[in-house]
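Worksheet: the structure to be examined is printed underneath.
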Amino acid sequence: MIALKCPQIEVVVVDINEQRIAAWNSDKLPIYEPGLDEVVKTARGRNLFFSTDVTKHVAEADIVFVSVNTPTKTRGVGAGKAADLTYWEGAARVIASVSKSSKIIVEKSTVPVKTADAIEKVLRRNCKDPNVQFEILSNPEFLAEGTAIEDLTAPDRVLIGGKDTESGRAAIATLASVYAHWVPRERILCTNLWSAELSKLTANAMLAQRISSVNSISALCEATGADVQQVAKSIGTDSRIGPKFLNASVGFGGSCFQKDILNLVYICESVGLQSVADYWHQVILMNDYQKQRFVERVISAMFNTISKKKIAIYGFAFKKDTGDTRETPAIDVCRGLMADGARVCVYDPQVEPQQVYQDLGTEKFEWDHPSPRSPPIAKTAIAIAPDHMEAARDAHAICVLTEWDEFKSYDYQAIYDSMNKPAFIFDGRNILDHAKLREIGFITYGIGKPLDPFLVKSY
């Protein structure tokens, strides 16, 4: 977005992965995001470049944005909660070793509080030129996949944290002047370093908390005959609460929510705030409960056995309008169904088959590491369908796990006719017309909706 909005600024994206850089320089970008193609193609070759020559471009840069992975640790102290800063430290060492001029270093990765302190020490101790100065800023991103370009174009806020020193304030002003090319000044918030670092973790934790909160109520709705969508609408009209992130579902996913909450939990535990850590950890536990509850509902509805039954999975991405599968609820749901003997068949309009195989074979927390140690699941263990009709053909049930818009417009009469009977639909996103599906003949389940009489009898 900086390259698009500031044609006078040269932006170079560097990575040691040659295949990834080649993809960024090709007609098929390595990630799917609505509007991204247009942005890249407009600026690429003009003032936006992609290169593997890290040494050259970092040495020449005035501002370096560091956007490396900060995955959850899989071993050692803090395993399963703490952020692994190996890649951040490695990047800092590279920056220090090649720098011949002073630079502003910007944290874009989500990092624990006080990371800037540690990184500054690494930079200063590894730079051989005593005249080179580094100023560290925290500038977390608040993008949502599927609307990232829109979020960048008209952000709610841009947050910049830095030291309250003359050089720190100057660095903040420099970065703010870049964003000011398209972001109103009143939306550019300036804080100290630690507030900026903690704000990102807290924002994701509170968004995830809303999802887990409404999902907890969805279970109560099913038990009492209430409708979670009606409840959510009722409370969402309260201006103090608002309607966003109140859609009950099979659970949240994505690269940030779980990782950032676990990081927050670890930080709280590290400073002796166990009650605070337990509070936030419950958000994760509720999300896991929701996914397991969905699997158990499928099994109980289908006469307590899904062994050798074909179950179609509509959607593997963690949300619509993205091909991202990181921490997608579909992983745990598919594993749960497969563990009970189901023949699972996946269809997703954007997710490549190899990604499904890799995700289902990858151990928890390994997905964000560059080279997962777990091999992909065997291709014979799960089927990948080329289209929605093939996925549903001869299936006993369909599980809707991603809210792709195209799922709403399918010919469900034709789908029903191709399935084994009784035919079930388990709508994990509440996007389908349940009344119409029941008219066709489907046994229909929606998250937090009054139960189909058939399900009440069989539960």
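Between Gly315 and Trp404, the closest heavy-atom pair is CA-CD1, 4.4 Å. Of all non-hydrogen atoms in Val265 and His281, the two that sit nearest each other are CG2-N, 3.7 Å. Among all heavy-atom pairs drawn from Glu327 and Gly254, the shortest one is CB-O, 3.2 Å. The heavy-atom pair separating Ser213 from Ser216 by the smallest distance is O-OG, 2.6 Å. Nearest heavy-atom pair, Glu269 versus Ala277, reported as atom, atom and distance to 0.1 Å: CG-CB, 3.5 Å. Considering every non-hydrogen atom in both Val298 and Cys399, the closest pair reads CG2-SG, 4.1 Å.
Considering only heavy atoms from C-beta on, Tyr314 stays 4.5 Å or farther from Val346 through its side chain. Looking only at side-chain heavy atoms (C-beta outward), Cys345 and Ile311 stay at 4.5 Å or farther from each other. Ser249 has its side chain within reach of Asn215: a pair of non-hydrogen atoms, C-beta onward, lies under 4.5 Å apart. Between Glu145 and Phe318 the shortest side-chain heavy-atom distance falls below 4.5 Å. Using a 4.5 Å cut-off on side-chain heavy atoms (C-beta onward), Val66 and Val106 make no contact. Residues Leu360 and Ile382 form a side-chain contact, since some pair of their non-hydrogen atoms from C-beta on lies under 4.5 Å apart. Two residues are said to be in side-chain contact when any heavy atoms from C-beta on lie closer than 4.5 Å; Val250 and Val333 meet this criterion. Gln354 places a side-chain heavy atom less than 4.5 Å from the side chain of Pro376.
A cation-pi arrangement is found for Arg157 relative to Phe142, the charged atom lying closer than 6.0 Å to the ring centre and inside a 45° cone about the ring normal.
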Check the pair Ile313 / Leu337 against side chain to side chain contact (heavy atoms under 4.5 Å, CB included), numbers first and verdict last. CA-CA 10 Å; Ile313 303 296; Leu337 298 174; 4.0 Å; yes

Go through it in stages, so that I can follow the logic: the residues are Asp164 and Arg169, the test is salt bridge (charged side-chain N to carboxylate O under 4.0 Å, His left out), and I'd like the CA-CA distance, side-chain angles, deciding distance and then a yes or no. CA-CA 6 Å; Asp164 189 17; Arg169 291 189 292 271; 2.8 Å; yes

Dump the intermediate steps for salt bridge (charged side-chain N to carboxylate O under 4.0 Å, His left out) on Arg46 and Glu10, then the final yes or no. CA-CA 8 Å; Arg46 181 191 69 186; Glu10 181 177 308; over 6 Å; no

What verdict does the salt bridge (charged side-chain N to carboxylate O under 4.0 Å, His left out) test give for Lys291 and Asp332, after you've listed the backbone C-alpha separation in whole Å, the side-chain angles of each residue and the deciding distance to 0.1 Å? CA-CA 7 Å; Lys291 291 179 285 187; Asp332 287 334; 2.7 Å; yes

Steps toward side chain to side chain contact (heavy atoms under 4.5 Å, CB included) verdict (Thr362, Ile377): CA-CA 8 Å; Thr362 299; Ile377 194 173; over 6 Å; no

Show, in sequence, the C-alpha distance, side-chain angles and deciding distance for Ser167 and Glu135, and conclude whether the side chain to side chain donor-acceptor pair (under 3.5 Å) test is met. CA-CA 7 Å; Ser167 59; Glu135 200 63 47; 2.9 Å; yes

Please step through side chain to side chain contact (heavy atoms under 4.5 Å, CB included) for the pair Ile447 and Phe426, ending with a clear verdict. CA-CA 8 Å; Ile447 296 282; Phe426 299 91; over 6 Å; no

Salt bridge (charged side-chain N to carboxylate O under 4.0 Å, His left out) between Glu120 and Lys163: does it pass, once the steps are laid out? CA-CA 12 Å; Glu120 184 175 16; Lys163 288 186 176 180; 2.8 Å; yes

Tell me, with the steps shown, if Leu152 and Leu143 meet side chain to side chain contact (heavy atoms under 4.5 Å, CB included). CA-CA 7 Å; Leu152 283 168; Leu143 309 180; 3.6 Å; yes

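Distance check: Ile284 CD1 to Leu264 CG gives 10.0 Å after rounding to the nearest 0.5 Å. Atom CZ of Arg93 and atom CZ of Arg125 lie 11.5 Å apart (nearest 0.5 Å). Atom CG of Leu85 and atom OG of Ser109 lie 9.0 Å apart (nearest 0.5 Å). From Ser101, atom OG reaches atom CG of Asp62 across 6.5 Å, with rounding to the nearest 0.5 Å. How far SG of Cys268 is from CD1 of Ile261: 11.5 Å, rounded to the nearest 0.5 Å. In this structure, the separation between NZ on Lys56 and OG on Ser51 is 7.5 Å, given to the nearest 0.5 Å.
The aromatic rings of Phe257 and Phe252 sit perpendicular, their planes meeting at an angle over 60°, well past the 30° parallel limit.
Every residue meeting the ring pair (Phe, Tyr, Trp, His ring centres under 6.0 Å) condition with Trp24, not counting sequence neighbours, appears here in chain and number order: Phe50. A search for ring pair (Phe, Tyr, Trp, His ring centres under 6.0 Å) contacts involving Phe316 returns nothing, not counting sequence neighbours. With sequence neighbours excluded, the residues satisfying side-chain contact (heavy atoms from CB on, under 4.5 Å) with Asp260 are Thr110, Lys200, Leu201, Asn204, Cys256.
A donor-acceptor contact under 3.5 angstrom links the side chains of Asp359 and Gln355, judged on distance only. A donor-acceptor pair shorter than 3.5 Å cannot be found between the side chains of Asn287 and Ser212. When only modelled atom types and interatomic distance are considered, Tyr357 and Glu352 share no side-chain donor-acceptor pair under 3.5 Å. Checked by atom type, the side-chain pair Ser218/Arg293 shows a donor-acceptor distance below 3.5 Å. Between the side chains of Tyr412 and Asp433, no donor N or O sits under 3.5 Å from an acceptor N or O. Checking Gln8 against His181 by side-chain atom types alone, a donor-acceptor pair falls below 3.5 Å. At a cut-off of 3.5 Å, with distance as the only test, no side-chain donor of Glu197 or Ser138 sits close to an acceptor on the other residue. Between the side chains of Asp84 and Thr86, at least one donor N or O lies within less than 3.5 Å of an accepting N or O.
The pair Lys103-Glu60 does not count as a salt bridge, with every side-chain nitrogen at least 4.0 angstrom from each carboxylate oxygen.
Around atom NZ of Lys408, more than 12 heavy atoms belonging to other residues, nucleotides or ligands sit under 6.0 Å away. Residue Gln19 qualifies as open at atom CD: its count of foreign heavy atoms under 6.0 Å is 12 or below. In this structure, Tyr289 places its OH atom where only 12 or fewer heavy-atom neighbours from other residues, nucleotides or ligands lie under 6.0 Å away. The local environment of CG in Asp405 is crowded, with over 12 non-hydrogen atoms from other residues, nucleotides or ligands closer than 6.0 Å.
Residue Val54 forms a side chain to side chain contact (heavy atoms under 4.5 Å, CB included) with just one option from Val12, Ile16, Asp15, and that option is Ile16. Checking each of Ile105, Ile119, Asn126 against Ile95 for a side chain to side chain contact (heavy atoms under 4.5 Å, CB included) leaves exactly one that passes, namely Ile105.
No side-chain donor-acceptor contact under 3.5 Å links Lys319 to the backbone of Gly146.
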